[in-house]
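Right, one structure below, let's go through it.
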There are 4 protein chains.
Amino acid sequence: MAMGPTKKELLLKAAKELFSEHGYSETTFKKISERAGVALGLLTHHFGNKEKLFLTAGLDVVHELVQTMRTNLQGVPNGLEAVRIFAKTYFDFARNPRQDFMVLVRCSPFSDLKTVEDKDVMIRNFSELYEILEECVKRGVRDGSIRDLDPHKTSVVVFCNLVGGIRHGLLTPYGDDGLFDDIVDFVIYGLKAR
Amino acid sequence: MAMGPTKKELLLKAAKELFSEHGYSETTFKKISERAGVALGLLTHHFGNKEKLFLTAGLDVVHELVQTMRTNLQGVPNGLEAVRIFAKTYFDFARNPRQDFMVLVRCSPFSDLKTVEDKDVMIRNFSELYEILEECVKRGVRDGSIRDLDPHKTSVVVFCNLVGGIRHGLLTPYGDDGLFDDIVDFVIYGLKAR
Amino acid sequence: MAMGPTKKELLLKAAKELFSEHGYSETTFKKISERAGVALGLLTHHFGNKEKLFLTAGLDVVHELVQTMRTNLQGVPNGLEAVRIFAKTYFDFARNPRQDFMVLVRCSPFSDLKTVEDKDVMIRNFSELYEILEECVKRGVRDGSIRDLDPHKTSVVVFCNLVGGIRHGLLTPYGDDGLFDDIVDFVIYGLKAR
Amino acid sequence: MAMGPTKKELLLKAAKELFSEHGYSETTFKKISERAGVALGLLTHHFGNKEKLFLTAGLDVVHELVQTMRTNLQGVPNGLEAVRIFAKTYFDFARNPRQDFMVLVRCSPFSDLKTVEDKDVMIRNFSELYEILEECVKRGVRDGSIRDLDPHKTSVVVFCNLVGGIRHGLLTPYGDDGLFDDIVDFVIYGLKAR
DNA sequence: TATGAATGAGATTTCATTCAT
DNA sequence: AATGAATGAAATCTCATTCAT
């Protein structure tokens, strides 16, 4: 028997979209259930409460990003190239509306989550991304494609470029079409060995 | 006769603190008036509504930042150094709790403001900062301290570094004490002429 | 084949415990089914609705109390002694957690039941207890162990002592360990012939 | 300028009536505000939340009872008579619909209150009644109108009679008109010196 | 008999804003 | 300018009950 998405999936999808479009507090149970075409009560039935729903939505996005990252990094020739791919993947993912990445931009996983437990879960999952990027930098330093920099510090700085780029490019009126490419160039210039 | 702050000032101060600490929607009129020790009704009386209050608070912070920026940039020898001072000033300002810079970080001037008019006012004022930074880069390119880069694109990329740095350093658990210095170094390395 | 309790029994046991611990309205179908480790839907399937479930639970407790009462009253030498045994049995039963007597204390069989029919059933069953106590008093007056009192009025007054004792001893912070004994003594003193 | 009751008072009165008539959980904010003819939001504005509202209502009743008790006990000739007056006052108060005593009977101050702080406040205020009764018993033992009993234990037992009487007389179908008098007689018989 | 997803009415609570004083 | 009571719409969350499987 061919089955479409479950109501739980419909709710999660609608929630991701609305969190992405309007942020955490502007997104209400009523709006979510209406967009999903599903009864309001199912939200707490399936997700417990609004915070857990947001956590589920956010983690989902992080997981997909990590997965995409790992896929795209396969077979990359050297560390510098890996960082470039990391950055490009990040920006591409962020711009792809199907990925609902804006959940993590429009909302704030580190301040919309109130309980320590939920924050911890989010942090733990987010950290995978950091580790992947740091691994790229380490590899670059080892293989000589990246100049002799501290891998940890450097990966954090690179991450700041990505985060700042997204906020600028997608949330403010200052970014233009080439911004993401400019940032990638700037990062690569700052890393590559001479 | 020696007079303390007016009630209007007390309210604005309390509002800034609460916006900084808990974001836009977690900050309520009741909390503000209680922290200020002032009657609730004065909020709408003086500021009109919540959005205008936030706009006032945000603009106040932007103005102070612009002022501080102009002061600190006086007598700087060259463009590259000017960019360095810009970045340092930005980070110092952000870390100074008296400045309530977190109003602009914890809240989002570009999504918590709903009306087009309010957004425009905020954008116009914020743009001063961009222009100052762009001026620094132009000067550096002119005086040879910065390599031959497009000043507009470059200033946006630098701004992304600052914005990303703040979000990382102050909102997530990933930044460490040296992060802001690392970002300044990275930016300067990326700009300076060889 | 050795069989454990049926799912229906598990549900009833869990319901009794939760009604005892938290009262009628704090006890939800979800909590009951979770404590019983049994599907939610079985509750309405087996018991109809919440009120019928409560009625079942309450009657169960009343029946066990009546049974225990009859057993303990067998072979009692005289009416006064019978009243003493009645009171002691009542208090012992109330304190025995396995009996879930608190169902009848924490909830209110006469106000949590809304339909007239359900109330009538409860009243009819409860009345057995009154009749037993009244019989004891009658017997005491007949055999001379109890002074010449109106058996009906007296049994109601004695019952008030028991009910008040339970509420005091088990629900408020004012009762102490000896309270139940004190009440028994007070009742016996008030009844016995001189 | 002649002023009627404030809206706060109207709400408290309506709340007391509804708690008395239908118990804690059947009483809703909507019903209260409708009966009071006042906006729903005023309930939390004035009383904080439902539990605090109930606490306020309950304490109000206890205070009035304590006051009435003190008034009625003035000029009583001896301890035994004082106990009789105490019991009569208690029952009269309970039957007077204007006093909303049923707030404390239909609801349960010791289980509808959830926070420890609220429970403590209630207990502290309730305890005044116990102390008054204990004082009466002490006095009776001293002046010879009451036989030589432990005043504390005795006052608790007497209280159980009153509490049980109220529950029986007002909540169950077993009490009749003379019940309260019967209980007073039983208590006095049990206490008086011979 | 057994399961738990599904429903939607209704509960408490929040809150910006209004307004009489 | 100053106060805080008053309003009511809207938010989150609860929950008995139904029903398809």
Side-chain angles (χ1 to χ4, degrees), chain A residues 1 3 6-8 10-11 24-33 36-53, chain B residues 6-8 10-11 24-34 36-54, chain C residues 6-8 10-11 24-34 36-54, chain D residues 1 3 6-8 10-11 24-33 36-53:
Chain A
M1 183 175 43
M3 278 191 300
T6 66
K7 304 216 168 182
K8 186 174 178 184
L10 287 171
L11 283 172
Y24 186 78
S25 36
E26 295 291 302
T27 299
T28 68
F29 277 26
K30 191 152 176 283
K31 288 178 191 166
I32 298 173
S33 65
V38 149
L40 189 80
L42 268 192
L43 275 166
T44 34
H45 179 67
H46 282 306
F47 300 99
N49 58 36
K50 192 180 177 184
E51 178 154 344
K52 292 276 183 252
L53 171 62
Chain B
T6 66
K7 303 214 167 184
K8 186 174 177 183
L10 286 171
L11 284 172
Y24 185 78
S25 36
E26 294 289 300
T27 298
T28 68
F29 276 28
K30 191 149 177 282
K31 287 179 191 167
I32 297 173
S33 66
E34 273 169 6
V38 153
L40 184 73
L42 278 188
L43 275 166
T44 33
H45 180 70
H46 283 307
F47 300 98
N49 60 32
K50 192 179 178 184
E51 179 154 342
K52 292 278 184 247
L53 170 63
F54 173 60
Chain C
T6 67
K7 305 214 165 184
K8 187 174 176 182
L10 287 170
L11 284 172
Y24 186 77
S25 37
E26 295 289 300
T27 298
T28 68
F29 276 29
K30 191 150 176 283
K31 288 179 191 166
I32 297 173
S33 67
E34 273 168 8
V38 154
L40 183 74
L42 278 187
L43 274 166
T44 33
H45 180 70
H46 282 307
F47 300 97
N49 60 33
K50 193 180 177 183
E51 178 154 343
K52 291 278 184 248
L53 170 62
F54 173 60
Chain D
M1 183 173 45
M3 277 191 301
T6 66
K7 305 216 168 182
K8 188 173 177 182
L10 287 171
L11 283 172
Y24 186 79
S25 37
E26 295 290 302
T27 298
T28 68
F29 277 27
K30 191 151 176 285
K31 288 178 191 164
I32 297 172
S33 64
V38 148
L40 189 78
L42 268 193
L43 275 166
T44 35
H45 178 68
H46 282 306
F47 301 98
N49 59 34
K50 192 180 177 183
E51 177 153 345
K52 292 277 183 250
L53 170 63

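Numbers restart at 1 for each chain; the letters A, B, ... are given by sequence-line order, proteins then strands.
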Pairs under 3.5 angstrom, nitrogen or oxygen only, protein versus nucleotides 17-21 of chain E, please.
from	atom 1	to	atom 2	distance (Å)
E:dT17	OP2	B:Lys50	N	2.9

**Request:** Can you sort out the partners of C:Thr6 under side-chain contact (heavy atoms from CB on, under 4.5 Å), two or more places apart, ordered by chain and number?
**Result:** C:Lys8, C:Glu9
**Prompt:** Looking for any heavy atom pair under 4.0 Å, which part of the strands does A:Lys7 touch: base, sugar-phosphate only, or nothing?
**Reply:** sugar-phosphate
**Prompt:** Between A:Leu11 and A:Phe47, is any pair of side-chain heavy atoms under 4.5 Å apart?
**Reply:** yes
**Item:** Consecutive-pair stems (at least three Watson-Crick or G-U pairs, under 3.5 Å) that include DNA chain F
**Value:** E:2-21 with F:2-21
**Request:** Between D:Thr28 and B:Thr27, name the one whose nearest nucleotide on DNA chain E is closer to the 5' end.
**Result:** D:Thr28
**Message:** I'd like to check the salt bridge (charged side-chain N to carboxylate O under 4.0 Å, His left out) partners of C:Glu51; sequence neighbours left out, ordered by chain and number.
**Reply:** none
**Asked** Starting at the 5' end of DNA chain E, which residue's closest nucleotide do you reach first, A:Gly37 or C:Ala39?
**Response** C:Ala39
**Request:** Only counting residues at least two apart or in another chain, list the ones meeting side-chain contact (heavy atoms from CB on, under 4.5 Å) with B:Ser25.
**Result:** A:Ser25
**Fill in**
Sequence neighbours excluded, the answer for side-chain contact (heavy atoms from CB on, under 4.5 Å) partners of D:Glu26 is C:Lys114, D:His22
**Asked** Nearest-Å distance, NE2 (A:His46) to P (F:dC15)?
**Response** 18 Å
**Message:** Please report the interatomic distance OG(B:Ser33) to CG(B:Leu43), rounded to the nearest 0.5 Å.
**Reply:** 6.0 Å
**Message:** If I compare all heavy atoms of D:Val38 with all of D:Lys7, which pair ends up nearest, and what's the gap?
**Reply:** CG2-CD, 3.7 Å
**Fill in**
Of B:Leu42 and A:His45, the one whose closest nucleotide on DNA chain F sits nearer the 5' end is B:Leu42
**Item:** Which atom of A:Thr44 lies closest to which atom of A:Phe29, heavy atoms considered
**Value:** CG2-CE2, 3.9 Å
